[in-house]
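Contents: one structure, followed by commentary.
Chain A is the first sequence line, chain B the second, and so forth, proteins listed ahead of strands; every chain is numbered from 1.
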Number of protein chains: 2
Amino acid sequence: MEKKLTESIEDYIETIYLESQKHGKGVRITDVALELKVSKASANDAVRKLKELGYVEHERYGQIYLTETGKDRAVKVYEKHRLITEFLVKSLDVSLPNAEKDACGIEHIISEETFEKMKAYLDQ
Amino acid sequence: MEKKLTESIEDYIETIYLESQKHGKGVRITDVALELKVSKASANDAVRKLKELGYVEHERYGQIYLTETGKDRAVKVYEKHRLITEFLVKSLDVSLPNAEKDACGIEHIISEETFEKMKAYLDQ
DNA sequence: CGTTTTGGTTAGCTTTGACTAATTATATAA
DNA sequence: TTATATAATTAGTCAAAGCTAACCAAAACG
């Protein structure tokens, strides 16, 4: 069983993943800070934690890269996010911005069962 | 617009409401602590905060009573909880324990739009 | 090539929400 | 009515997650 991450750390890893996809390269502290609307100091703290957890590589003043484990982890978080958003839009006709916003919170707390059932609903 | 409460405070007010309904009388620090599985010290802190916010009445060593405002607030939180649980059960066939658990997290973060649409779904 | 701008880091502080341990009240029972 | 048990409070600690301000490194420009 995977170690549970805090919500905050899940957000950071997800953001690093999305930014690296977007630009096809390593990500900077500043990108993360801007994207999550936190100070660079906070982004820096989080990256240090992610490094300790073995999810990213990062050296002083350098770019941030996800490790294999980190990427696996990020993809899972992001897929959850995507799927919940889709569920809210398709099943309830929630507007995309609100669906995104809600998914962003729900992704961290939902049970495996509910998640699987949303998946099943969308697979029909 | 109502002042936003923290998730933790919403849980406390909801618990006080449910316990007072269950026994038809004032609630004790110990009841709250047991129900939420926190220490009595934590329950005590929370009750102090709720008192400062004007949501409960409580004097040293005494019972806790919701004020009118407190009760209104608690009912809203609880209704949200109930409705989300029902939505998960009826729309996705999630088991009651998981639906309860998920609702407990979702109730604090969901947008007004999504909530209204769940309500509409259940009203059909 | 030196200076300015941008980016990153560090130190130290704040808040929230929990905890334990020790203490003080109240209630119950011998 | 005194002793014991239960309940509540207080003081002090901790971790998470943010912040600002000050400082240091690297890059870009003139």
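Ranking C/dA25, C/dA18, C/dT10 by closeness to the B/Tyr61 side chain, first place goes to C/dA25.
Below 30°, between 30° and 60°, or above 60°: for B/Tyr121 and B/Phe87 the angle between ring planes is above 60°, a perpendicular geometry.
Among the atoms of the strands shown, only primed sugar atoms or phosphate atoms (P, OP1, OP2) are found under 4.0 Å from some heavy atom of B/Ser8. Nucleic acid contact class of A/Ser39 (heavy atoms, under 4.0 Å, all strands): base. The residue A/Thr30 sits close only to the backbone: its heavy atoms come under 4.0 Å of sugar-phosphate atoms, none of a base.
When rounded to the nearest whole Å, the span between CZ of B/Arg48 and C1' of C/dT15 equals 14 Å. The CD1-C1' distance, from A/Ile29 to C/dT9, rounds to 9 Å in whole Å. When rounded to the nearest whole Å, the span between NZ of B/Lys4 and C1' of C/dT16 equals 14 Å. Distance, B/Glu52 CD to C/dT15 C1': 14 Å, rounded to whole Å. Atoms CD (B/Glu59) and P (C/dA25) sit 15 Å apart, rounded to a whole Å. Taking atom CG of B/Asn44 as the reference point, atom P of C/dC19 lies 13 Å away to the nearest angstrom. If you measure from atom NE2 of A/His58 to atom P of C/dG8, you get 7 Å, rounded to the nearest angstrom.
Judged by distance alone, with hydrogens and angles left aside, the side-chain atoms of A/Ser20 form a donor-acceptor pair with the main-chain N or O of A/Ile16 at under 3.5 Å.
In summary, A/Lys71 and A/Glu68 do not engage in a salt bridge, as defined by a charged side-chain N under 4.0 Å from a carboxylate O. The residues B/Glu2 and B/Lys76 are annotated as salt-bridged, a charged nitrogen and a carboxylate oxygen being separated by less than 4.0 angstrom. Salt bridge annotation for A/Arg82-A/Glu79: present, with a cationic side-chain nitrogen under 4.0 angstrom from a carboxylate oxygen.
For B/Asp45 and A/Lys37, each mapped to the nucleotide of DNA chain D holding its nearest heavy atom, the one lying further toward the 5' end belongs to B/Asp45. Remark on DNA chain D: of its neighbouring residues B/Arg28 and A/Tyr12, the 5'-side contact belongs to B/Arg28, judged by nearest-heavy-atom nucleotide. Mapping B/Lys49 and B/Lys40 onto DNA chain C by nearest heavy atom places B/Lys49 closer to the 5' end of the strand.
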* To do: Give the C-alpha distance, both sets of side-chain angles, the deciding distance and a yes or no for salt bridge (Lys or Arg N to Asp or Glu O under 4.0 Å) between A/Asp45 and A/Arg48.
  => CA-CA 5 Å; A/Asp45 287 349; A/Arg48 200 174 18 66; 3.2 Å; yes
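Other cluster members for A/Tyr61: none, since no ILVMFWY side-chain heavy atom sits under 4.5 Å from it.
You can see that DNA chain D meets the heavy atoms of chain B within a 4.0 Å-exclusive cut from D/dA7 to D/dT10, reading 5' to 3'.
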